[in-house]
Amino acid sequence: MWTISDDVLADWTRRSLAAVDDLLRATLHSPGDPFLTTVATHLLAAGGKRVRPAIVLLAARFGDPGYDRPAVVRAAAAVELMHVASLYHDDVMDEATTRRGVPSVNVRWGNRVAILAGDYLVAKAAELAAPLGTGAVEEQARMLTRLVTGQLRETVGAGPRSDPERYYLSVIADKTAALFALAARLGARASGAPDDVTTALGTYGEALGIAFQLSDDVLDVTRTSGQTGKPAGADLRQGVATLPVLRALRRRKPIRKDLTRTGKDSALLRKMLASGPITDAGELATAARLLSRSPGVAQTRTEAERYANQANQAKQALRSLPASVARDALDGLCDHIVSRLE
Ligand code: FPP
Ligand code: MG
Ligand code: MG
């Protein structure tokens, strides 16, 4: 499984990440209710890369050197809790059976517990964020609005009047990139960084988040559940029109009869996907195989690279910031996200 490797993070980041985990543990410990503690800490205890808290911590290096470290750790913990909360709900919606290599909360304790535990985590994230001030709380609320809106738009799908690719990009910007942008902005704010620095870091987070979800959508079809810790082909099973699917099905110039392998693959895939979500395990494996060798996957990989590297995207946003170890680490995160696809 992909983790943030040692060469990207400096010692101080790792020490602060340990402080974030301590705060998460303390926040979710309910002395009178061991069941609630177990359910609320289930995915955090299972692992996770802590990418979003790492972004908060790195962004905080661009403000006042004597910044309020506990406030930054608090912001990082709040961001991780909102992320984990969204995973609890997402696994209910996606009927996912595993996450982070362990049974998902919905499988272990049922949908009702998973939904309420996700709500509980959102509430705890709000408690953590409150002392950061009304500005941070407002940003958090706006992010949650985008998160829920993106997930809802993914659920209902692009109607006949919208362009499916533009729709998909707006969905992933809202459901994923909004939280990455918040992580970067909260870190900057908590360290007293000037507004232009906070804005640049927010732009970085937004583009990195899109690259992250694009790569996640590729890995959904190219990796096994053993590699990702979550069910393979989940998007195909749910009938989610991700970019790899949209590009694989994009009609090319009509040839009288397309007898190339790509042409035949695409025709078969189209037929399989036309009948809605794929539930049969054998068919799912076939569709994932067809998709993983389709131009859709290769093109999505290129798009992820574009969001990470190209003009006006993640790396570019960093260039306006002073050179530092933190800037190199944020830059390195772009490479890591894209290198997951090699
Ligand atoms: C993972 O996507 C899911 C998200 C990025 C967002 C989920 C958001 C909600 C369920 C809205 C409700 C949230 C809260 C906090 C109230 P995915 O299914 O494509 O990725 P996966 O492969 O990790 O499952
Ligand atoms: Mg999912
Ligand atoms: Mg989902």
Side-chain angles (χ1 to χ4, degrees), residues 1-2 40 43-44 46-49 51-52 78-107 111 114-129 140-157 168-183 205-206 208-225 227-246 277 284 288 300 304 337 340-341:
M1 193 162 35
W2 179 76
L43 281 187
L44 286 164
K49 303 178 284 284
V51 179
R52 296 156 189 81
V79 162
E80 184 65 7
L81 280 191
M82 287 180 284
H83 169 54
V84 176
S86 77
L87 298 181
Y88 279 38
H89 288 181
D90 180 66
D91 285 344
V92 170
M93 296 184 71
D94 291 347
E95 299 174 346
T97 52
T98 53
R99 168 79 67 180
R100 296 183 174 174
V102 297
S104 57
V105 178
N106 41 305
V107 157
N111 284 349
I115 290 166
L116 286 170
D119 293 342
Y120 175 79
L121 294 176
V122 178
K124 285 291 178 188
E127 277 182 29
L128 277 177
Q140 185 187 42
R142 286 186 191 281
M143 185 285 300
L144 282 171
T145 303
R146 286 186 67 192
L147 193 70
V148 173
T149 307
Q151 186 74 1
L152 185 65
R153 279 163 59 81
E154 177 182 286
T155 306
V156 298
Y168 163 85
L169 280 173
S170 78
V171 163
I172 67 171
D174 286 343
K175 79 168 190 175
T176 303
L179 186 50
F180 276 75
L182 179 79
E206 184 85 21
L208 186 75
I210 293 177
F212 183 90
Q213 189 62 48
L214 285 167
S215 75
D216 201 70
D217 290 347
V218 167
L219 297 178
D220 187 67
V221 287
T222 58
R223 292 276 167 91
T224 65
S225 57
Q227 289 169 315
T228 62
K230 47 192 184 181
D235 294 327
L236 286 171
R237 208 183 49 241
Q238 294 302 317
V240 179
T242 62
L243 194 62
V245 171
L246 293 172
L284 196 64
T300 305
I337 280 172
R340 303 196 295 172
L341 303 177

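Residues take their numbers from the sequence shown, with the count starting at 1. First listed ligand is number 1; within each ligand, the first listed atom is number 1.
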Legend entry - Backbone N/O of Glu95 and side chain of Asn106: donor-acceptor pair under 3.5 Å: no
Legend entry - His89 side chain reached by Val148 side chain, heavy atoms, under 4.5 Å: no
Legend entry - Part of Asp94 with heavy atoms under 4.0 Å of ligand 1, whether side chain, backbone, both or neither: side chain
Legend entry - Pro231 side chain near Arg237 side chain, heavy-atom distance below 4.5 Å: yes
Inset, instruction - Measure the CG-CZ distance between Leu87 and Arg99 for me, rounded to the nearest 0.5 Å. - result: 4.5 Å
Legend entry - atom 5 (C) of ligand 1: the protein heavy-atom neighbour that sits closest, reported with distance to 0.1 Å: Lys175 O, 3.2 Å
Legend entry - Gap between atom CE of Met143 and atom CG of Asp174 - 0.5 Å precision: 11.0 Å
Inset, instruction - Output yes if Asp90 passes the N/O/S-under-2.8 Å test against the Mg ion (ligand 2); output no otherwise. - result: yes
Inset, instruction - Please determine if the Mg ion (ligand 2) has an N/O/S atom from Asp235 lying under 2.8 Å away. - result: no
Legend entry - Region of Gln151 that comes within reach of ligand 1 [heavy atoms, distance under 4.0 Å]: side chain
Inset, instruction - Select one of side chain, backbone, both or neither to describe which atoms of Asp90 lie under 4.0 Å from any atom of ligand 1, heavy atoms only. - result: both
Legend entry - For Thr176, the ligand 1 atoms whose distance to one of its heavy atoms is below 4.0 Å: 5 (C)
Legend entry - Flag side-chain contact, heavy atom, 4.5 Å: Leu214 against Ile172: yes
Inset, instruction - Keeping the roles fixed (side chain from Thr98, backbone from Gly101), state whether a donor-acceptor pair exists under 3.5 Å. - result: no
Legend entry - Minimum-distance protein heavy atom relative to atom 23 (O) of ligand 1: Arg99 NH1, 2.7 Å
Legend entry - Test side chain to side chain contact (heavy atoms under 4.5 Å, CB included) applied to Val221 and Asp235, Thr300, Val245, Leu236, the passing residue: Leu236
Inset, instruction - Please report which non-hydrogen protein atom sits nearest to atom 12 (C) of ligand 1, along with the residue it belongs to and the distance in Å to one decimal place. - result: His89 ND1, 3.8 Å
Inset, instruction - Would you mind running through ligand 1 and noting each atom that sits below 4.0 Å from a heavy atom of Gln213? - result: 19 (O)
Legend entry - For the Mg ion (ligand 2), the closest N/O/S atom belonging to Asp94: OD2
Inset, instruction - May I ask you to identify the nearest protein heavy atom to atom 22 (O) of ligand 1, giving residue, atom name and distance to one decimal place in Å? - result: Lys230 NZ, 3.0 Å
Inset, instruction - Drop me the distance from Arg340's CZ to Arg223's CZ, to the nearest 0.5 angstrom. - result: 8.0 Å
Legend entry - Geometric N/O contact Asp217 with ligand 1, under 3.5 angstrom: no
Inset, instruction - Return the residue, atom name and 0.1 Å-rounded distance of the protein heavy atom closest to atom 15 (C) of ligand 1. - result: Val122 CG2, 3.6 Å
Inset, instruction - Output the distance between atom CG (Leu179) and atom CD (Gln213), rounded to the nearest 0.5 Å. - result: 11.5 Å
Inset, instruction - Determine whether the side chain, the backbone, both or neither of Asp216 has a heavy atom under 4.0 Å from any heavy atom of ligand 1. - result: side chain
